[in-house]
There are 2 protein chains.
Amino acid sequence: MQDHFELNMDEYLPLRDVVFKTLRKAILTGEIKPGERLMEIHLAKKIGVSRTPIREAIHKLEQEGLVTMIPRRGAIVAEISEKGLRDVLEVRRALDTFCAELACERISEEEKEALRRACTDFEEAVKTGDTTVIAKADVAFHDIIIGATGNERMVMTINNLAEQMYRYRFEYIKDASQHERLIKEHRALLDAILKENVIGAGEAAREHIDNQEKSILMQIHLDEK
Amino acid sequence: MQDHFELNMDEYLPLRDVVFKTLRKAILTGEIKPGERLMEIHLAKKIGVSRTPIREAIHKLEQEGLVTMIPRRGAIVAEISEKGLRDVLEVRRALDTFCAELACERISEEEKEALRRACTDFEEAVKTGDTTVIAKADVAFHDIIIGATGNERMVMTINNLAEQMYRYRFEYIKDASQHERLIKEHRALLDAILKENVIGAGEAAREHIDNQEKSILMQIHLDEK
DNA sequence: GATGATAATATTGTATACAAAGTACAAAGT
DNA sequence: ACTTTGTACTTTGTATACAATATTATCATC
């Protein structure tokens, strides 16, 4: 009757999920570039599994919008146009604003505490200068707000939208000139939510996304030049 | 140089998509009930294809949230809880409101005309009393508004959410006592958008969803009794 | 009769084989 | 030189075979 085994259960992960994660990461980090074809046999050999898990992973990527499929031609990594990006951000603006407002009404004391901590964690993360750490801290902060709505569908929906932006997010978080602004905006959002100031929280969230949009679009235009 | 061939191209549809549509319909109409298992070999025999397209279709259903998968156990038709339904409607409330507001600012003259027509079409549809016709007309009306935002991601996101509700939607549109109210609300929404009255359109959309929620939840509670 | 071990069965996960369609390239005709 | 057609090759779509695991049934033991 020992229970100190930590019962790892050695979490079994289907190969399709392993492949999915592998490919997703490769796309998000730009290792595989937009427009590039994903060929099953090729990938199967490279990763060392059969075509079946590859196919299933590619289909998942399609549903996530990271690749587009052409019948009998296979999959290519999705180009995300500026219009596409604006569209994603427009939907997120509506949802993030709403989340901030809802969070004011529904957030628990524990979540308030967690949010406070996440906010300072983010500030610490910025100090490290490590992009990955900063990005994670940022996601953590926002996840608490979204989670505080208690709406799981909202979490799923926003995650799906976020997926579409990760490729750019990373670039934009790398830009150190944005960091102070990010900290300020997070604090404003934190304050409003702690005070349960619905209007203020909504506005802070909207502004946060607006600035993000400006920043990302600027990045894209720089890349293009 | 004839171009009157109509070149049907006999649109090829992969079996996985055929199976997907078949299963989806079966789930949405209640032919397969929540909690029921979807077993690959059984379905393959029943539909008359191999397991491969069945698997792929089931994975698509999972992504759409219509089934939930348990590793090494397969898929079961997703139970949608009352909480889950409320969550979906809460997200839709935020998005539909936003869409109505955006539509005011972006709708073209052609779309205005289409919307007017869709509104009267809906009224005609109600007169027929045919649930399927009514449901289609209702979808058409709302699709124009969502489409008028010019935001494709918005269309995708809302479609995804709508998917989750179709099972209940049908029940609630069957309820004839709601029809007059629906017509009134559609007219209010139409008027506000035609006048490009942003506030009014948002309110009308919100109220429309609110009433829908009340009605559907009532239905569910009736079913449970 | 209840319980636990073990075998039988059912079902998913993965790999491979085959079919069909699409693509590219070369040879033949103009 | 250019177009057209045919053929070889690539790649996806589908079917099936095999492996691993979970479920169920059976039987022995207490």
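Keep in mind that the numbers below use all heavy atoms, side chains included, and drop hydrogens, waters and symmetry copies. So that the names make sense, note that chain A is the first sequence line, chain B the second, and so on, each numbered from 1.
- For the pair A/Arg153 and B/Glu90, the salt-bridge criterion is not met [side-chain N within less than 4.0 Å of a carboxylate O].
- At a threshold of 4.0 angstrom between heavy atoms, the contacts of A/His42 with the nucleic acid are absent.
- Here A/Arg55 reaches the OP1 or OP2 of D/dG13: one of its side-chain N or O atoms lies under 4.0 Å away.
- In this structure, the CZ atom of A/Arg37 is 12 Å from the C1' atom of C/dA24, given to the nearest Å.
- Between A/Gly74 and A/Thr52, the residue anchored closer to the 5' end of DNA chain D is A/Gly74, taking for each the nucleotide with the nearest heavy atom.
- In this entry the distance linking CD1 of A/Ile54 with P of D/dG13 reads 14 Å, nearest Å.
- A/Arg73 comes within 4.0 angstrom of the backbone, heavy atoms only, and of no base.
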Q | Audit row: B/His208, B/His142, side-chain contact (heavy atoms from CB on, under 4.5 Å) steps and yes/no | A | CA-CA 11 Å; B/His208 190 48; B/His142 288 288; 3.1 Å; yes
Q: Evaluate the criterion side-chain hydrogen bond (donor to acceptor under 3.5 Å, both in side chains) for residue pair B/His221 and B/Glu82; output intermediate values, then yes/no.
A: CA-CA 9 Å; B/His221 292 149; B/Glu82 183 174 331; 2.8 Å; yes
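- Here B/Leu38 lies in heavy-atom contact (under 4.0 Å) with sugar-phosphate atoms only.
- Applying the 4.0 Å criterion to OP1 and OP2 of C/dA15, one finds that A/Ser50 has a side-chain N or O inside that range.
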Please tabulate the protein-to-nucleotide N/O contacts below 3.5 Å involving nucleotides 17-19 of chain C, giving atom names and distances.
none

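- Here the side chain of A/Val49 is nearest to one of D/dA20, C/dA15, C/dG22, namely C/dA15.
- Residues B/Glu111 and B/Ser108 bring a donor and an acceptor atom of their side chains to less than 3.5 Å of each other.
- B/Arg16 comes within contact range of the sugar-phosphate backbone alone, with a heavy-atom separation under 4.0 Å but no base atom that close.
- With B/Glu213 as the fixed residue, the salt bridge (charged side-chain N to carboxylate O under 4.0 Å, His left out) test singles out one of B/Arg93, B/Arg206, B/Arg92: B/Arg93.
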Q.
For B/Thr157 and B/Leu95: C-alpha separation, side-chain torsions, deciding distance, then whether side-chain contact (heavy atoms from CB on, under 4.5 Å) applies.
A. CA-CA 9 Å; B/Thr157 306; B/Leu95 290 183; 3.9 Å; yes
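- Residues A/Val77 and A/Leu66 are not in side-chain contact: their nearest non-hydrogen atoms beyond the backbone lie 4.5 Å or more apart.
- When the P atom of D/dA22 is taken as reference, atom CE of B/Met39 falls 17 Å away, rounded to whole Å.
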